Number of protein chains: 2
Amino acid sequence: MDLKITKYSRQRDIILRILRSTKCHPTADWIYEKVKKEIPNISLGTVYRNLNFLADKGKIRRFSFGGTTAQFDGDLRDHYHIRCDWCKRIEDVPHISTRISCQEIESLTGYRIHSLNLFFSGICPECQRKGEQ
Amino acid sequence: MDLKITKYSRQRDIILRILRSTKCHPTADWIYEKVKKEIPNISLGTVYRNLNFLADKGKIRRFSFGGTTAQFDGDLRDHYHIRCDWCKRIEDVPHISTRISCQEIESLTGYRIHSLNLFFSGICPECQRKGEQ
DNA sequence: AATAATATTAGTTATTATTATTGTTTTTAT
DNA sequence: ATAAAAACAATAATAATAACTAATATTATT
Ligand SMILES: [Mn+2]
Ligand SMILES: [Mn+2]
Ligand SMILES: [Zn+2]
Ligand SMILES: [Zn+2]
């Protein structure tokens, strides 16, 4: 919750800036390669540590779409995701008009709900054009 | 799609039966431990191979909820999931009345949509009772 | 400003999940 | 019964992530 109680770190700052400046949903390794251009001797462990830290504090999102590696999203605005089953690309679904009643889910499950994640999978336009697989 | 073209395998049969008979959303390793009681010398690789095979054929679901290991679900009926942020348990959300318009998403993104996954996270009733963390 | 306390780091090693390989066995088609 | 194909167990290899440690950077206190 409170990022204030932590000390400043240039590494964390840059990691957060890079994540926020991309539209893709990168892996720790992807971010590592980017940060290395600014801090050549940063270590992958630092990237993981800070990504997990930021995710735990709710400053970024961490998820994985069936794949084996975690992916991160610096965009905290309400939005959803779609993945192509063939080329595996992930894109934002910017806005949908339907409202899902979290209150209904809360009374149905007894949970206090923090977040709602909606993701679709299917075939992207490009793969549709290219045809089978 | 067609499981028919493959040869019969007792191992795959048992893996599928075990997955279908549990309400939890187990990892490959959890299933491995169960299968071992029936086939003591089965190998973990066989479990992985068959789970991936079944998932690729659409006979089971494979996903991971932020954690580092894949989880599987033998229940193909439309239903959604919720995870407790504290104890990490995952449960089914059996049914929700909201309608999400996949057609709207299709026209918005150009994707041909195959599936819709909805998952919530929050605090389970038990953790709420126990209090902080 | 100097000092002390502590968070964070780079570098490294360890762990864990998953996939690939290989030689053998089981299943199916002829 | 024979042969081809698929699946197997066992194992080695890979890849993702976490843990450790001594050094450094940041903050708080004097
Ligand atoms: Mn996004
Ligand atoms: Mn389920
Ligand atoms: Zn595609
Ligand atoms: Zn809980």
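Keep in mind that this is a model prediction, so the values were computed, not measured. Below, read A as the first sequence line, B as the second, and so on, with proteins coming before strands; counting in each chain starts at 1.
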Under 4.0 Å protein heavy-atom contacts per nucleotide of nucleotides 11-30 of chain C, with B for base, S for backbone only and - for none: B-----SBB-------BS--
For D29(B), all residues meeting side-chain contact (heavy atoms from CB on, under 4.5 Å), sequence neighbours excluded: T27(B), Y32(B), E33(B), L44(B)
side-chain N/O Q11(A) vs dA10(C) OP1/OP2, d < 4.0 Å: yes
Atom-to-atom span, CG of N50(A) to P of dA18(D) - whole angstrom: 13 Å
For N52(A), all residues meeting side chain to side chain donor-acceptor pair (under 3.5 Å), sequence neighbours excluded: R62(A)
R77(B): salt bridge (charged side-chain N to carboxylate O under 4.0 Å, His left out) partners, not counting sequence neighbours: D75(B)
Where at least one partner belongs to residues 109-118 of chain A, residue pairs that pass salt bridge (Lys or Arg N to Asp or Glu O under 4.0 Å), sequence neighbours excluded: none
Atom-pair distance (CZ on F53(B); C1' on dC8(D)), nearest Å: 14 Å
Five-pair end axes of the helix from dA1(C)-dT30(D) to dT30(C)-dA1(D), angle between them (10°): 40°
Step-by-step side-chain contact (heavy atoms from CB on, under 4.5 Å) determination, V93(B) to F119(B): CA-CA 8 Å; V93(B) 174; F119(B) 108 87; over 6 Å; no
For I39(A), side-chain contact (heavy atoms from CB on, under 4.5 Å) partners two or more places apart: R10(A), Q11(A), I14(A), V35(A), N41(A), I42(A)
Which residues share a side-chain contact (heavy atoms from CB on, under 4.5 Å) with T22(A), sequence neighbours left out: C24(A), P26(A), W30(A)
Spacing of K57(B) atom NZ relative to dA7(D) atom C1', expressed in whole Å: 14 Å
Contact list for residues 114-127 of chain B, test side chain to side chain donor-acceptor pair (under 3.5 Å), sequence neighbours left out: D85(A)-H114(B), S115(A)-S121(B), S121(A)-S115(B), R89(B)-E126(B), S115(B)-N117(B), E126(B)-K130(B)
Atom-pair distance (CG on D13(B); C1' on dC8(D)), nearest Å: 15 Å
Between dA10(D) (C1') and Y32(B) (OH): distance, integer Å: 10 Å
